[in-house]
Asks: 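The structure under discussion is supplied below as structure tokens; questions concerning it will follow.
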Amino acid sequence: MKSNKSKYKLVVDYVIDGINEGRLKKGAWIPSLNEFREMYGLSRDTVFSGIRELKSRGIIKSNPGVGYYIVSTRVPFKHNIFLLFNEFNEFKEDIYNSFMETVGNSATVDLYFHNYNRKVFETLVNNANHKYTTYIIMSGKFADIGPLLESLSGNVFLLDHYHSELKGKYSSVFQNFEKDTYEALVYGLSNLRKYKHIVMVQKDSKEPFERYDGLRAFCKEHGFTHECIGEIQGREIVKQEVFMVVNDRDLVNLLKQADRQQLVPGKDFGIISYNDTPLKEVLAGGITTLSTDFKLMGRTMASLINKKTIETIENPWNLNIRNSL
């Protein structure tokens with residue numbers, strides 16, 4: 001059975017459990033590096049990773065040439081979490097808040113953002129190494145991140161974007177962008193029948209192109225034409241088009257363009273906006289949204305950090321049909 005637990009955690013848990021069970025008191029010596037190696041069949045580097053974490057958490061200190069001893073029996077939080085998001089927005093705030101509510105007082109959490117900058121992403125991850133027990137990574141579309149994640153001395157979890165090459169290595173909660181888009185369009189097919197052409201609006205540099213794959217599969221199966229564009233600005237609306245809009249700024253520009261052309265959403269053309277917000281319930285009489293449950297994503301991720309087995313969980317989608325479709 002595969003486990004989220006890195007081998008070095010055997011060393012950490014030996015000491016933590018010994019303190020909690022009263023076997024290790026303040027001032028007590030812990031096994032040497034070689035003794036840990038023999039106990040668990042670990043390499044010297046792996047044992048030292050466990051020692052390094054215990055030192056960073058203020059539990060042990062070293063006496064050069066003698067060994068390591070307990071300096072504090074006040075065991076810090078069970079989880080010291082490095083949480084890396086791609087950006088801050090209303091949806092990520094929902095993930096964060098629900099995650100924090102679920103973990104409660106059992107963890108400390110440091111939140112960082114890489115803003116889709118690969119260099120920043122790698123720098124933040126490298127700088128965090130050996131400082132945390134748990135690493136929750138929202139990498140976005142960055143490819144070939146396996147070696148970087150493997151270097152982390154802690155439990156690693158993936159959030160939001162699916163990396164097929166990493167399946168089975170790390171637990172993850174993710175959106176299946178292609179499947180979600182396809183299934184949502186099938187679900188809304190009766191409303192889409194009055195339209196002919198579907199336009200995906202998203203910038204490929206940071207958004208998952210899998211959404212368009214799902215749209216193309218739907219259009220091929222149900223006889224719609226389709227295209228993908230980077231932004232709305234400068235694009236006139238043609239009647240019987242449906243726009244699938246990722247960015248809220250594009251949504252605003254689309255509504256402005258409709259006003260200039262005196263076209264009515266849901267009558268002359270359609271709108272599906274990704275990611276639901278309370279404002280979209282009332283904007284322009286109600287904007288249809290395709291959204292994952294971000295609060296559930298946060299709760300699900302929080303539930304995984306205490307599990308020993310690898311789990312890969314698809315977060316569910318919901319198509320909220322309103323007047324714009």
Side-chain angles (χ1 to χ4, degrees), residues 1-13 40-43 45-47 49-50 53 78-86 92 95 98-99 102-103 106-107 109 112 114 116 118 121-122 124-126 128-183 206-211 213-214 217 292-294 296-317:
M1 180 179 291
K2 293 180 178 178
S3 169
N4 288 314
K5 182 175 288 189
S6 299
K7 290 182 178 180
Y8 87 95
K9 293 291 286 182
L10 294 167
V11 175
V12 176
D13 289 348
Y40 297 118
L42 304 176
S43 70
D45 287 344
T46 300
V47 173
S49 292
E53 179 176 317
K78 183 177 181 181
H79 300 289
N80 185 19
I81 300 173
F82 172 79
L83 180 57
L84 180 58
F85 280 1
N86 46 28
K92 303 303 171 12
I95 297 174
S98 64
F99 176 80
T102 306
V103 298
S106 66
V109 181
Y112 297 87
H114 59 75
Y116 301 96
R118 180 67 183 247
F121 172 75
E122 293 181 355
L124 288 171
V125 172
N126 284 322
N129 203 2
H130 302 294
K131 297 178 182 177
Y132 297 88
T133 63
T134 306
Y135 300 82
I136 300 175
I137 309 292
M138 185 183 291
S139 63
K141 293 173 64 175
F142 294 144
D144 302 320
I145 62 173
L148 180 64
L149 299 183
E150 289 172 7
S151 71
L152 291 172
S153 61
N155 299 333
V156 178
F157 300 83
L158 302 178
L159 188 59
D160 195 35
H161 201 99
Y162 179 66
H163 294 269
S164 58
E165 73 279 8
L166 299 177
K167 184 176 181 179
K169 294 184 177 181
Y170 309 104
S171 284
S172 64
V173 185
F174 69 98
Q175 296 186 64
N176 189 329
F177 296 101
E178 179 177 351
K179 181 182 174 184
D180 292 355
T181 296
Y182 172 81
E183 291 183 349
K206 68 179 212 177
E207 298 293 346
F209 196 74
E210 295 96 324
R211 290 189 182 118
D213 293 333
T292 197
D293 188 333
F294 291 104
L296 177 61
M297 182 179 285
R299 292 195 298 271
T300 304
M301 176 53 68
S303 73
L304 288 180
I305 63 176
N306 289 314
K307 294 186 177 181
K308 296 181 180 180
T309 54
I310 300 292
E311 296 189 25
T312 303
I313 300 174
E314 286 188 23
N315 209 55
W317 59 267

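Heavy-atom basis, side chains included; hydrogens, waters and symmetry copies ignored.
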Asks: State which residues pass side-chain hydrogen bond (donor to acceptor under 3.5 Å, both in side chains) with Tyr112; sequence neighbours excluded, sorted by chain then number.
Replies: Tyr132
Asks: Is any side-chain heavy atom of Phe174 closer than 4.5 Å to one of Thr312?
Replies: yes
Asks: Phe99 versus Leu159: any side-chain heavy-atom pair under 4.5 Å?
Replies: no
Asks: By side-chain hydrogen bond (donor to acceptor under 3.5 Å, both in side chains), which residues pair with Asp160, not counting sequence neighbours?
Replies: Gln175
Asks: Provide the full list of salt bridge (Lys or Arg N to Asp or Glu O under 4.0 Å) pairs with a residue in residues 128-142, sequence neighbours left out, each pair given once.
Replies: none
Asks: Look up atom CD in Glu207 and atom OH in Tyr116, then write down how far apart they are to the nearest 0.5 Å.
Replies: 5.5 Å
Asks: If every non-hydrogen atom of Gly298 is compared with every non-hydrogen atom of Ser98, which pair is closest and at what distance?
Replies: CA-OG, 3.3 Å
Asks: Would you give the length of the straight line joining atom CE of Met138 to atom NZ of Lys92, rounded to the nearest 0.5 angstrom?
Replies: 5.0 Å
Asks: How close do Ser171 and Leu304 get, counting heavy atoms only, and between which atoms?
Replies: CB-CD1, 4.1 Å
Asks: Enter the distance from Ile136:CD1 to Leu158:CG here, rounded to the nearest 0.5 Å.
Replies: 10.0 Å
Asks: Any non-hydrogen side-chain atom of Leu124 less than 4.5 Å from a side-chain atom of Phe82?
Replies: yes
Asks: Without hydrogens or angle criteria, can the side chains of Asn306 and His79 be said to hold a donor-acceptor pair below 3.5 Å?
Replies: yes
Asks: Taking Thr181 for its side chain and Glu178 for its backbone only, find out whether a donor-acceptor pair lies under 3.5 Å.
Replies: no
Asks: Heavy atoms only: give me the nearest Val11-Val47 pair and the separation to one decimal.
Replies: CG2-CA, 4.2 Å
Asks: Nearest 0.5 Å, what's the CG-OG1 distance between Asn80 and Thr134?
Replies: 8.0 Å
Asks: Please answer whether the main-chain N or O of Pro316 pairs with a side-chain N or O of Thr292 as donor and acceptor at a distance below 3.5 Å.
Replies: yes
Asks: Do the ring planes of His114 and Phe121 sit parallel (below 30°), tilted (30 to 60°) or perpendicular (above 60°)?
Replies: perpendicular
Asks: Considering residues at least two apart in sequence or located in another chain, which fulfil the ring-ring contact (aromatic ring centres under 6.0 Å, His included) criterion with Phe85?
Replies: none
Asks: To the nearest 0.5 Å, what is the distance between OH (Tyr40) and CG (Asp13)?
Replies: 8.0 Å
Asks: So, applying side-chain contact (heavy atoms from CB on, under 4.5 Å) with Ile305, which one of Asn155, Thr133, Val103, Thr102 is it?
Replies: Val103
Asks: State which residues pass side-chain hydrogen bond (donor to acceptor under 3.5 Å, both in side chains) with Ser139; sequence neighbours excluded, sorted by chain then number.
Replies: His163
Asks: Has the side chain of Tyr8 got a donor or acceptor atom that lies under 3.5 Å from a matching backbone atom of Glu53?
Replies: no
Asks: State, with a plain yes or no, whether a side-chain heavy atom of Ile95 is found less than 4.5 Å away from one of Met301.
Replies: no
Asks: Would you name the heavy atoms of Pro208 and His161 that are closest together and state the gap between them?
Replies: CB-CE1, 3.6 Å
Asks: Which donor-acceptor pairs under 3.5 Å do the side chains of residues 144-151 make with protein atoms, sequence neighbours left out?
Replies:
{"unit_1": "Ser151", "atom_1": "OG", "unit_2": "Leu148", "atom_2": "O", "d": "2.6"}

Asks: Passes side-chain hydrogen bond (donor to acceptor under 3.5 Å, both in side chains), Asn129 versus Ser153? Steps please.
Replies: CA-CA 6 Å; Asn129 203 2; Ser153 61; 3.2 Å; yes
